[in-house]
Amino acid sequence: MENRPLGYDYTVAKMFMLTTIVLGIVGMLIGVILAFELAFPSINTILGSGLAEYTNFSRLRPLHTDAVIFGFTISGVFATWYYVGQRVLKVNMAESPLLMFLGKLQFWLYVVTVAAVVVSLLAGVTTSKEYAEFEWPIDLAIVVVWVLFGVNMFGLIGMRREKSLYISVWYYIATFLGIAMLYLFNNMEVPTMLATSAAGETGIGSWYHSVSMYAGTNDALVQWWYGHNAVAFGFTVPIVAMIYYFLPKESGQAIYSYKLSLLSFWGLMFVYLWAGGHHLLFSTVPDWMQTMGSIFSIVLILPSWGSAINMLLTMKGEWQQVAASPLIKFMVLGSTFYMFSTLEGPIQAIKSVNAIAHFTDWIVGHVHDGVLGWVGFMIMAALYHMAPRVFKREIYSKSLMASQFWIQTLGVVLYFTSMWIAGITQGMMWRAHDEFGNLAYSFIDTVTVLHPYYAIRGVGGLLYLIGFLMFAYNIYKTMTAGKPLEKEPANASPMGA
Amino acid sequence: MNIADLQAYGYFAITVFMTVSLYAYIYHLYKNKKDADGHDYEEYSNMALHDDIGDTPVNPISKDDKK
Ligand code: HEM
């Protein structure tokens with residue numbers, strides 16, 4: 001028998017658990033502020049007109065999206081990789097001091113990059129491309145962080161004791177490769193310092209500010225190929241990686257069909273990349289590309305539901321566990337919300353539906369039933385499952401977790417139902433016209449009608465944030481005051497009352 | 001034929017090719033049930049369920065070079 005280490009090393013996983021929680025709080029707090037700014041515009045200048053530059057909606061919005069995507073979600077991806085990766089490959093990261101060093105380096109560089117992002121976005125320094133707002137020096141730092149992640153991933157895979165790669169590892173690899181490709185192509189940019197004006201002047205721009213290398217429609221196409229696939233490889237693929245590990249492990253049930261997981265993987269990889277065109281329906285993009293975007297969006301239901309149904313069927317005959325454990329509730333509702341938003345998205349991608357939905361709040365509702373109900377729930381469930389194993393203590397409180405679950409579920413429901421009503425109302429009002437083609441309403445009419453729904457969304461968001469704070473507290477107490485565990489639990493995570 | 005036509009035909013051909021490949025892969029998975037190493041695909045779920053550092057791997061990497 002070869003020598004095996006005694007356990008796994010979770011140092012780096014714990015570091016990223018911390019940023020997941022901290023950046024989750026920051027990002028969601030900003031989201032709640034934004035929601036109330038839309039409902040009550042005076043909040044835009046709440047700190048006085050002198051500071052209005054920093055508190056207005058448009059300055060804070062990219063901070064929200066980037067904090068929750070690149071802060072909360074990507075930290076969650078890192079944290080779970082450094083946990084799941086070791087376990088399913090059966091190798092301790094500490095067996096390689098180099099990998100340990102690179103993992104910590106990745107973390108610290110990530111923290112520095114996040115700080116740079118926060119400061120620059122607050123200062124209003126941005127490339128103005130959605131989800132790609134960072135200027136080129138920050139982009140370069142992000143590339144280094146990502147390369148370190150990749151080196152670690154493939155380093156660990158290279159040292160593995162388990163020859164086959166578990167399905168989650170496939171999804172993590174796809175996350176790494178997908179984001180690397182998307183990020184590089186969409187962020188091709190030229191510093192404005194190098195530009196020449198029409199009159200022939202040079203050296204008029206700045207060294208840090210840059211513009212996209214693509215122009216016009218091409219830029220839009222690359223941008224939404226990126227934007228949509230950021231949803232694919234940031235919000236879907238790594239989260240599927242998580243559920244394929246954490247749900248079977250927590251429930252002690254083998255995946256319903258491992259074969260289905262394999263073919264859903266390839267289906268997803270094949271179809272997702274072509275669906276981005278649905279963001280540009282009725283724009284100047286060639287018509288066939290728009291149609292392709294719609295068709296592939298609808299086909300996308302199949303591989304998405306393949307994974308989601310596989311997860312629900314994993315619980316077959318074990319539904320009493322869903323009733324008994326709030327942790328499993330999070331995951332089962334998460335995969336239900338995944339099914340729900342992967343049905344809603346394709347519906348919105350149908351041209352005639354999109355004609356009403358585009359630019360309205362229905363899109364924002366769709367985004368958030370996915371990210372709050374699926375991404376957020378799954379990441380919190382993953383961290384809850386990891387906590388007793390990495391801290392070697394019982395989860396502090398089951399009842400707190402259960403209340404959190406219900407508060408947040410209510411929050412998500414309030415969020416997306418209010419946005420559905422708001423969005424469809426908006427879409428219908430914008431189109432309404434009289435028999436001569438004159439518009440029936442002016443823009444402000446829609447704003448007045450939407451006010452109550454914006455307020456409801458704000459309340460829903462606030463409930464979700466409160467739940468997230470309960471989660472943070474529960475993890476903190478687990479770490480500091482949870483009952484110490486003698487040995488690692490095999491499946492169901494032990495919880496205090 | 002100009003470049004746009006070529007792109008369109010190429011695109012169509014690739015789509016057909018990848019669709020056929022995907023279905024062939026599905027057929028292959030369900031027909032053979034086992035992979036080249038002789039493991040039933042369903043056994044691989046155990047990689048997550050038995051993931052202690054001391055657990056026996058489903059498909060150990062050191063099979064042929066056992067010490
Ligand atoms: C407390 C919870 C949250 C609240 C109250 C909230 C609120 C908001 C608001 C008000 C907007 C701007 C909508 C607009 O421009 O009309 C927004 C946009 C967005 N949020 Fe959130 N958010 C929350 C959590 C999250 C989370 C956890 C994620 C991702 C993991 C997320 C991802 C996004 C994205 C991607 C957009 C851009 C949507 C688009 O451009 O269509 N949000 N959010």
Side-chain angles (χ1 to χ4, degrees), chain A residues 1-9 84 86-92 95 158-169 244-264 266-267 269-271 274 286 288-289 292 295-296 299 303 314 487-488 490-491, chain B:
Chain A
M1 190 69 193
E2 54 181 326
N3 281 331
R4 296 267 182 104
L6 291 174
Y8 298 107
D9 190 305
V84 175
Q86 299 186 65
R87 300 193 65 113
V88 298
L89 298 169
K90 294 202 177 62
V91 49
N92 181 344
E95 288 173 61
M159 289 160 53
R160 70 192 190 277
R161 295 199 173 78
E162 175 73 83
K163 185 168 160 203
S164 307
L165 301 181
Y166 185 61
I167 185 67
S168 297
V169 178
Y244 269 127
Y245 173 82
F246 290 103
L247 184 64
K249 184 70 184 169
E250 177 72 23
S251 66
Q253 301 300 305
I255 295 179
Y256 171 70
S257 164
Y258 198 82
K259 289 190 276 294
L260 180 57
S261 75
L262 297 178
L263 66 94
S264 302
W266 287 112
M269 293 303 126
F270 171 32
V271 180
W274 306 106
W288 70 269
M289 273 191 192
M292 173 181 87
I295 294 175
F296 273 91
V299 180
T314 296
K487 71 186 257 293
E488 192 183 271
N491 302 116
Chain B
M1 209 155 46
N2 61 20
I3 179 84
D5 288 340
L6 274 177
Q7 280 172 333
Y9 283 118
Y11 169 72
F12 184 73
I14 290 176
T15 307
V16 170
F17 171 74
M18 295 192 79
T19 309
V20 171
S21 309
L22 183 65
Y23 277 87
Y25 179 60
I26 297 173
Y27 180 73
H28 158 84
L29 283 179
Y30 281 86
K31 181 166 173 290
N32 289 359
K33 295 199 176 68
K34 291 185 167 130
D35 65 7
D37 290 327
H39 288 278
D40 189 315
Y41 287 109
E42 301 306 328
E43 282 175 37
Y44 287 114
S45 289
N46 289 330
M47 285 194 270
L49 295 178
H50 306 294
D51 63 348
D52 271 342
I53 192 96
D55 286 338
T56 321
V58 174
N59 196 1
I61 203 150
S62 47
K63 216 187 231 164
D64 7 38
D65 49 46
K66 261 208 190 105
K67 288 156 212 160

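Fair warning: this is a prediction, and the values are worked out from it, not measured in the lab. Just so we're on the same page: letters track the sequence lines, and every chain starts at 1.
Heavy atoms of A:Tyr8 lying under 4.5 Å from chain B belong exclusively to its side chain. When heavy atoms are compared at a cutoff of 4.5 Å, A:Leu165 approaches chain B solely by way of its backbone atoms N, CA, C and O. Using a 4.5 Å cut-off between heavy atoms, B:Tyr25 contacts chain A through its side chain alone, with no backbone atom that close. With a 4.5 Å cut-off on non-hydrogen atoms, B:Leu49 touches chain A through its backbone and its side chain both.
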Test A:Glu162 against B:Asn59 for side-chain contact (heavy atoms from CB on, under 4.5 Å), laying out the working first. CA-CA 6 Å; A:Glu162 175 73 83; B:Asn59 196 1; 3.6 Å; yes
Please lay out, stage by stage, how B:Met47 and A:Val169 fare under the test side-chain contact (heavy atoms from CB on, under 4.5 Å). CA-CA 11 Å; B:Met47 285 194 270; A:Val169 178; over 6 Å; no
Check against side-chain contact (heavy atoms from CB on, under 4.5 Å), A:Leu260 and B:Tyr30: CA-CA 9 Å; A:Leu260 180 57; B:Tyr30 281 86; 4.1 Å; yes
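Listed options B:Ile53, B:Asp40, B:Asp35, B:Asn46 were ranked by heavy-atom pairs under 4.5 angstrom with chain A; first place goes to B:Ile53. For the set A:Gly7, A:Ala490, A:Ser257, the count of heavy-atom pairs under 4.5 angstrom toward chain B peaks at A:Ser257. With respect to chain B, the highest number of heavy-atom pairs below 4.5 Å among A:Val84, A:Leu6, A:Leu262, A:Val271 belongs to A:Leu262. When A:Met292, A:Lys249, A:Lys259, A:Glu488 are compared by the number of non-hydrogen pairs under 4.5 Å with chain B, A:Lys259 comes out ahead. When the candidates A:Phe270, A:Trp266, A:Tyr256 are compared by the number of heavy-atom contacts under 4.5 Å with chain B, A:Phe270 comes out ahead.
Comment: A:Lys90 does not engage B:Asp52 in a salt bridge, judged by the lack of any side-chain N to carboxylate O separation of less than 4.0 angstrom.
For B:Thr15, the side chain to side chain contact (heavy atoms under 4.5 Å, CB included) test picks out A:Phe296, B:Tyr11, B:Thr19, with sequence neighbours left out.
There is a side-chain donor-acceptor pair under 3.5 Å between B:Asp51 and A:Tyr245.
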